Amino acid sequence: MTDILCKWLNGLKLSQAIDKHSFGHQFATGYMIGEVLQCYELQNDFNLFSQSKTADSKLNNFTRLEPTLKLLGIAFNTNIAHSIMTEEHGCATRLLYQLYIALNNKKEAKLTGVAMETMRPRAPVKLEAMERVPYKERLTLLTPRQTDTNLNQLVDRFRERKKQHLDIEFRTKFEEEENLRKWQQEQRMRELQKAADARQKQTELVARIRAAKVETLKPPANKTLKALTMRKEMKRTQEAAQTMQEISAFEQRLSHMLPTTEQEDDRDNDEEVAMYLKTTETQDTKVDYTMAFTQGQSSNDEYINKIRNRLQEDSVARKEREKRRRKILVDQLKAHEAQESARREEMLVNRLMRQSQQEKRIAVQLMQLRHEKAIICQNRILREKQYEERRIKDFEDALNKEAELARLAKLEYVDKTKKDKELHEKIMKERAEAKYHKHYNICMQILLGIVDFSSNIAEYRELTEKLLPPKLMREWKTLFVEGKPLHKPAKVTEGDEVEESSEDQKIEEDRQLLLDEGDFMEYKV
């Protein structure tokens, strides 16, 4: 649709080429719309339009466009006019499209503007004339004053400058922070490299410490754990051999003292008992019982005494063997305890030797750690000093920057105040001048009206020598009160080149409406 409208408008050969990308901006003042209507001979007061973009020019243009658009039957009100003034998207396009349709219909019907006005009913015309005043007042309220617009533009310009200053300040601050961050990163990388070198040196030192062998004095060959163990084993072996020899010698002596062992004695006793029983059974039954009993009793006593003696000797020998066995066990226990004490002494010696080596290594490591701690403390103190200097420098830079910004803001405020004061004085001067011209014109119109009214009365009485009729008096009074001229505009001859202006036609129409309304009210009464 925009392409069609651009093609149509460019075909009318307007003062400006229409571009669809700036469609709303070109028609925002209303001048181009009036030019389009002038091409179709509908806007007779186009010479009063203004191409300026001020609020007064827009208000003047749209106020003059409203009757013509209503004549074409286009719905037009203050909201549409305000939307076009503010370049709202699509409003100018819709209005121009309606205008395009209405003008094409007019062209097809071959009607002129005067014919269209003549064909319109009187009631809608009168209603539109009554609505014209509130339309202008509402449009005036909706349209901001040019002074306010200029002030807003000035404020926007200063806000833009402030935004630019803030952007520059932010960019400068961002660059400073970036430089500071880069410097800190470089310092951090340098510190990390230094720490890595220190760790590398520490690792090498620890490796050398671990690889180092502490020279300790070796004990003599005869005082080593192996030599002591071998000596104790030989001593224990000698004691065991000596004990076995003593036991064997004791057994030999015992065998010499006792011809038979206990088992042989028992076996001999058994044989003797058997022999005795056998002899007692084979004896002659004829031997005297008493004599035999007496002899057997004496031999049994001797035998029993012999057995008793042997048992006592055996018990004594058993006790001696137990004593010797207990002595051997005690000696073996003492040897075992001595061996355990030697082993514990050897373990203690080895542990002490290991502890001495570890103590030397720990001492070296502690010295290294103390040295590293001192280096770290020095680096930390240096870094804190650098941070403090940097903070002081940043604080001073911030104070200087704030002072400079305050000075610039003060100069800008003074300049702005001076310009605002000049603009205010100019506006007040223009307003006073406009007020003076307005009052002067009003007074001049009233005075001219009084003079016309008086001259008409004098002329009528001079010609007729009678008083004015009530109807004529009422009509002249109504025209005088409404500020309309009492005389009809002069008719233009055919030879004159100047045509009748639309303003005279409008005044004549207003006069006729007032007179018709007065006649109607008189008829009503």
Side-chain angles (χ1 to χ4, degrees), residues 205-274 300-369:
L205 182 60
V206 171
R208 288 200 300 270
I209 290 171
R210 290 180 179 176
K213 293 183 179 180
V214 180
E215 296 293 334
T216 57
L217 297 176
K218 295 183 179 180
N222 57 354
K223 292 185 180 181
T224 59
L225 180 61
K226 187 175 182 181
L228 293 173
T229 305
M230 290 178 65
R231 193 181 299 116
K232 289 180 181 180
E233 288 290 338
M234 290 175 65
K235 187 177 181 181
R236 190 166 51 251
T237 305
Q238 291 176 3
E239 290 179 355
Q242 187 178 0
T243 304
M244 293 299 294
Q245 290 176 3
E246 290 178 357
I247 291 172
S248 62
F250 177 75
E251 290 292 337
Q252 289 177 3
R253 287 196 303 269
L254 185 60
S255 64
H256 289 301
M257 292 175 65
L258 296 176
T260 57
T261 61
E262 295 178 358
Q263 294 179 357
E264 291 178 352
D265 292 339
D266 294 337
R267 190 167 56 252
D268 292 340
N269 291 332
D270 293 337
E271 290 178 355
E272 288 177 359
V273 172
N300 287 335
D301 291 336
E302 292 177 0
Y303 182 73
I304 289 169
N305 290 328
K306 189 185 290 185
I307 291 171
R308 189 175 292 163
N309 292 330
R310 287 183 180 178
L311 291 174
Q312 290 178 356
E313 292 176 357
D314 291 337
S315 62
V316 172
R318 191 180 296 110
K319 290 180 181 179
E320 290 293 332
R321 284 196 299 271
E322 289 293 333
K323 289 180 180 179
R324 289 195 298 273
R325 190 180 293 111
R326 193 178 295 112
K327 182 180 179 182
I328 292 170
L329 292 175
V330 170
D331 293 338
Q332 290 179 354
L333 182 61
K334 289 181 179 179
H336 182 70
E337 289 179 354
Q339 185 180 1
E340 289 294 328
S341 63
R343 187 173 63 83
R344 284 195 297 271
E345 289 177 359
E346 184 180 1
M347 293 175 62
L348 183 60
V349 170
N350 292 332
R351 187 176 298 173
L352 290 174
M353 292 173 66
R354 286 197 302 270
Q355 287 180 356
S356 63
Q357 293 179 357
Q358 291 178 357
E359 287 175 356
K360 290 182 179 180
R361 292 178 181 176
I362 291 170
V364 174
Q365 292 177 359
L366 287 175
M367 292 297 293
Q368 180 67 20
L369 291 175

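Side chains included, hydrogens not; waters and symmetry mates left out as well; all remaining heavy atoms used. Predicted, not measured: the structure shown is a model, and the values here were computed from it.
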Using 0.5 Å steps for rounding, measure from the CD atom of Glu233 to the CD atom of Gln238. 12.0 Å
Kindly compute the distance separating CZ (Arg324) from CD1 (Ile328), expressed to the nearest 0.5 Å. 8.0 Å
Report the distance from atom CG of Leu311 to atom CZ of Arg318, rounding to the nearest 0.5 Å. 8.5 Å
Looking at Glu337 and Lys334, is there a salt bridge between them, counting it only when a charged N and a carboxylate O are closer than 4.0 Å? no
When rounded to the nearest 0.5 angstrom, what distance separates CZ in Arg310 from OG in Ser315? 14.5 Å
From CZ (Arg325) to CG (Leu329), nearest 0.5 Å: 8.0 Å
Side chain to side chain contact (heavy atoms under 4.5 Å, CB included) filter on Gln312, not counting sequence neighbours, yields Arg308, Asn309
Evaluate Lys319 against Glu322 for salt bridge (Lys or Arg N to Asp or Glu O under 4.0 Å), listing each step before the verdict. CA-CA 5 Å; Lys319 290 180 181 179; Glu322 289 293 333; over 6 Å; no
With sequence neighbours excluded, tell me which residues meet side chain to side chain contact (heavy atoms under 4.5 Å, CB included) with Ile362. Leu366
